[in-house]
Amino acid sequence: MPASGQKLNGSEIFFECLRRENVEYIFGYPGGALLKVYETLYDVKDIKHILVRHEQGATHMAEGYARATGRPGVVLVTSGPGATNTVTGITNAYMDSSPLVVFTGQVPSSLIGNDAFQEADIVGITRPITKHNFLVKDVRELASTIRKAFYLATNGRPGPVLVDMPKDVLNATCAFEWPETVEIRGFKPTVKCHQHQVEKAAQKIAKAKKPLFYIGGGVISANASEELRELAIRQNIPVTMTLQGLGAFPGDHPLSMGMLGMHGTFWANQAVNNCDLLIAVGARFDDRVTGKTDTFATQAYIIHNDIDPTNVDKNIKVDLPVVGDAKHFLQTLIETMPKEHEDRTPWLAEIGKWREQCPLVYTNEEDSLKTEYVIDEVSRQTSGDAVVTTDVGQHQMWTSQYYRFRKPRSIITSGGLGTMGYGLPAAIGAAFGVTDRPVVLFCGDGGFMMNVQELVTAVHYKVPVKIFLINNSFLGMVRQWQELFHQEKYSFTDLGDSNPDFVKVAEAFGCRAMRAENPVEAKKAITEALAWNEGPVFVEFKVVKKDMVFPMVPAGGSISDMLLERLNPKTMV
Amino acid sequence: MKHIISVLVENRFGTLNRVASMFSARGFNLESISIGETEDPEFSRMTIVTRGDDQIVSQVLKQLNRLIDTIKVTDLTKQPHVERELLLMTLKLSKTTQHEIFELINVFKGKVVDIKQKSITIEVIGSPDKINTTIDIFRSYGIRELARSGAVAIHRGES
Ligand SMILES: Cc1ncc(C[n+]2csc(CCOP(=O)(O)OP(=O)(O)O)c2C)c(N)n1
Ligand SMILES: [Mg+2]
């Protein structure tokens, strides 16, 4: 390592900083503004650069890596189009609170503002979609800016941070100084919860007859699953989770109620409607969870713990806000909770009745294939231990229902933004980070085409992702809404005639590929795919076209408006 | 209800934009915003006037706090504070109105900053309410042009 005070150029400083931040992988793509950086990179051996095929792919890969490992994902792209291509990925990370540090090349400082070749005001463009961003104007500020960027991305509520680096800054030299500490006056997140508030929460919890945990992704990013498990089991409190919260509590435990909200389980939503105490931890009362807010959890006293105070009282007025880190909150509760608590067996029995009343079921037929079966079977064969990524659509919601997530950092999916095209690159990124568990992708036939180019990346780096394409020949989720709410006008959602031969596509990229059209073939293909780890493996599951995801709470409806089955049964095609 | 919020921020390129775009992105009302360097050149002080019910204003304050470049956010509305705005206004001037205009300038403790044959430019300093009244009263004399600074505000000092 270069000693402090040694003269380095901007590019060398850049890598030196990444080293000090223990960066393992950079997901990047070169260009004019980054030539110096790539020149330096040529001789860098300890940090691995993954060449993507589109900068959007780089951002999703970095996010997949970040969510799977809990460490910040790093992106490196050139100015102008390289930078603007990251916008969707950055927004996705912002909405789902994932730690990313995105480095963009920029035209030389002297040309900024002149509409120079490949100039884009990326700092201006990304202001509303980053936690914070920086334009480095002087090489002497580069190291401290990078230090701050990593600090901001990973502390408090995680999120994406962008650092824009003009070409001349990367070329200029200065004495390298690594700041050992970070001081950002305007950033002092409340990590420790207020003791008084936690004590109040503890009393409420002990006295509740019908308590319910409502758990979001914040519990996973705070690495607080152990604490949650201990507390829920000790207190005998059922747990429902958001899409991003799945895995925070083991899905195969009797206290797990699966997901709540629009496509949540009937019993979880009934429990929300009937509980007398709702304990929200690291969740933000998103509209896909609450439906109509004035009918949400009306019987309940609501405790809300979140690291970000803006989440408190934003969508729902809560009774007891507790700002702070989820791990600290749950740990303090464990320490302060009285051992005695109300008897929860009647409450659990009530929930059990709802569970029996409306279980998650699907029918399997011999000569046709259901997505639910594919996911159910993958869940079985991986014992719920895989890292599962999804794209966006029906297959995503079925994944939340039928994959029994047992561990945290197991679901990697685009929740807040709902970005089609997220799944494939996110899976690849996750597989770079996690090598001791299988990484599985469930992807729709629509979304797969949105970042299909990243198959090259998977093949080239021999990334052992299991790509399970759920081909229903439709933009299925849109089709579902058209059927339910738009007079069955299937406007531009039928992909049947235009989809390519997916197996051939995958093979053209050099990927091993298979096809399955019935349950027997599917089971076999899953076993084969899970056993093969030389590189990516692709399975196209040709599933029925007109299946629908139920239960469903129509957008803006109350949980009690939940649709439990299709309104107009249609013959399956 | 109207709220006046004082925000101490980093005196840095882009800070005003971050604050203003947060208001527009979240659909908050932004009646006026003014910014200037403080006694310490590292900081600027912003005075923001916004409107909303308690829930909205509480979100405004939290969202302001959440920005990395904001250091201290204070809702001055319910605290002792002084609030001032500067008005610059050019009026038509004629023999018949001249006298009344000068009298009114006195009433509002205004100052004449420029005078031509057919026009007069005045400055008035006061609370935004006073500035509103000033403009209303002078309207009938024919306002050629006016500019308002937006409110600036500060805590009242300790006794
Ligand atoms: C980038 C983007 N464009 C459009 C949409 C709207 N959208 C949501 S789900 C969906 C259909 C997805 O179809 P497919 O990938 O085949 O998955 P399926 O629902 O069939 O499982 C669409 C178009 C979106 N979420 N993201
Ligand atoms: Mg589809």
Side-chain angles (χ1 to χ4, degrees), chain A residues 91 94-95 97 109 112-113 121-138 141 145 148-149 151-153 155-157 159-164 182-190 284-285 293-294 304 306-318 321 323, chain B residues 1 3 5-30 33 35-48 50-75 77:
Chain A
T91 314
Y94 186 66
M95 296 288 278
S97 311
S109 311
I112 290 180
D121 174 16
I122 199 62
V123 168
I125 290 170
T126 59
R127 242 174 229 145
I129 53 165
T130 49
K131 188 167 167 186
H132 197 60
N133 59 19
F134 300 92
L135 169 65
V136 185
K137 288 180 167 164
D138 186 322
E141 284 163 16
T145 306
K148 281 182 195 161
Y151 184 81
L152 286 169
N155 282 277
R157 181 181 180 180
V161 177
L162 181 139
V163 182
D164 201 20
V182 188
E183 167 63 25
I184 304 168
R185 287 185 285 226
F187 181 67
K188 301 266 169 348
T190 309
R284 60 187 174 90
F285 297 86
T293 47
D294 45 4
H304 186 193
D306 203 292
I307 187 107
D308 182 350
T310 66
N311 277 345
V312 176
D313 288 341
K314 184 170 66 183
N315 301 335
I316 295 261
K317 183 103 187 78
V318 302
V323 173
Chain B
M1 185 190 151
H3 281 251
I5 301 166
S6 174
V7 192
L8 188 69
V9 299
E10 298 281 354
N11 183 8
R12 206 181 273 157
F13 163 86
T15 303
L16 178 62
N17 180 295
R18 280 179 211 281
V19 171
S21 72
M22 185 279 285
F23 272 78
S24 69
R26 299 203 175 261
F28 296 143
N29 162 289
L30 183 55
I33 186 165
I35 183 166
E37 226 174 73
T38 64
E39 68 285 359
D40 180 342
E42 283 199 20
F43 302 113
S44 296
R45 187 172 297 286
M46 270 183 202
T47 308
I48 292 171
T50 183
R51 255 170 222 284
D53 59 26
D54 289 353
Q55 196 265 340
I56 290 173
V57 172
S58 131
Q59 266 295 316
V60 169
L61 297 171
K62 289 195 274 189
Q63 294 288 354
L64 279 169
N65 257 312
R66 187 181 188 225
L67 296 172
I68 310 296
D69 280 346
T70 57
I71 293 151
K72 193 157 191 278
V73 179
T74 320
D75 186 358
T77 318

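No hydrogens, no waters, no symmetry mates; every other heavy atom, side chains included, goes into these values. Order of the sequence lines fixes the chain letters, A, B, ..., with proteins taken first and strands second; residue numbering starts at 1 for each chain.
Heavy atoms closer than 4.5 Å to chain B are found nowhere in A/K188, neither backbone nor side chain. At a 4.5 Å heavy-atom cutoff, the contact between B/Q63 and chain A is made by backbone and side-chain atoms alike.
Among A/V123, A/L135, A/N133, the residue with the largest count of heavy-atom pairs under 4.5 Å with chain B is A/N133. Taking chain A as the reference chain and counting heavy-atom pairs below 4.5 Å, the highest number among B/D69, B/I68, B/I71, B/I56 is found for B/I68.
Applying the ring-ring contact (aromatic ring centres under 6.0 Å, His included) criterion to A/F134, with sequence neighbours excluded, gives A/H132. For A/R185, the side chain to side chain donor-acceptor pair (under 3.5 Å) partners two or more places apart in sequence, or in a different chain, are B/E10, B/E42. Applying the side chain to side chain donor-acceptor pair (under 3.5 Å) test to B/T70 and every residue at least two apart in sequence or in another chain returns nothing.
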Could you go through B/H3 and B/T77, starting from their C-alpha distance and side-chain angles, then the distance that decides it, and tell me whether this counts as side chain to side chain donor-acceptor pair (under 3.5 Å)? CA-CA 5 Å; B/H3 281 251; B/T77 318; 3.3 Å; yes
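Note that A/K137 lies in the cation-pi zone of B/F13, set by a 6.0 Å cut-off to the ring centre and a 45° limit from the axis.
Between the side chains of B/T38 and B/R45, no donor N or O sits under 3.5 Å from an acceptor N or O.
A salt bridge links A/D308 with B/R66; the closest basic N to acidic carboxylate O contact falls under 4.0 Å.
Contacts between residues 15-24 of chain B and chain A, defined by a heavy-atom separation under 4.5 Å, are made by B/N17, B/R18.
Between the side chain of B/N29 and the backbone N or O of B/R51 there is at least one donor-acceptor pair closer than 3.5 Å.
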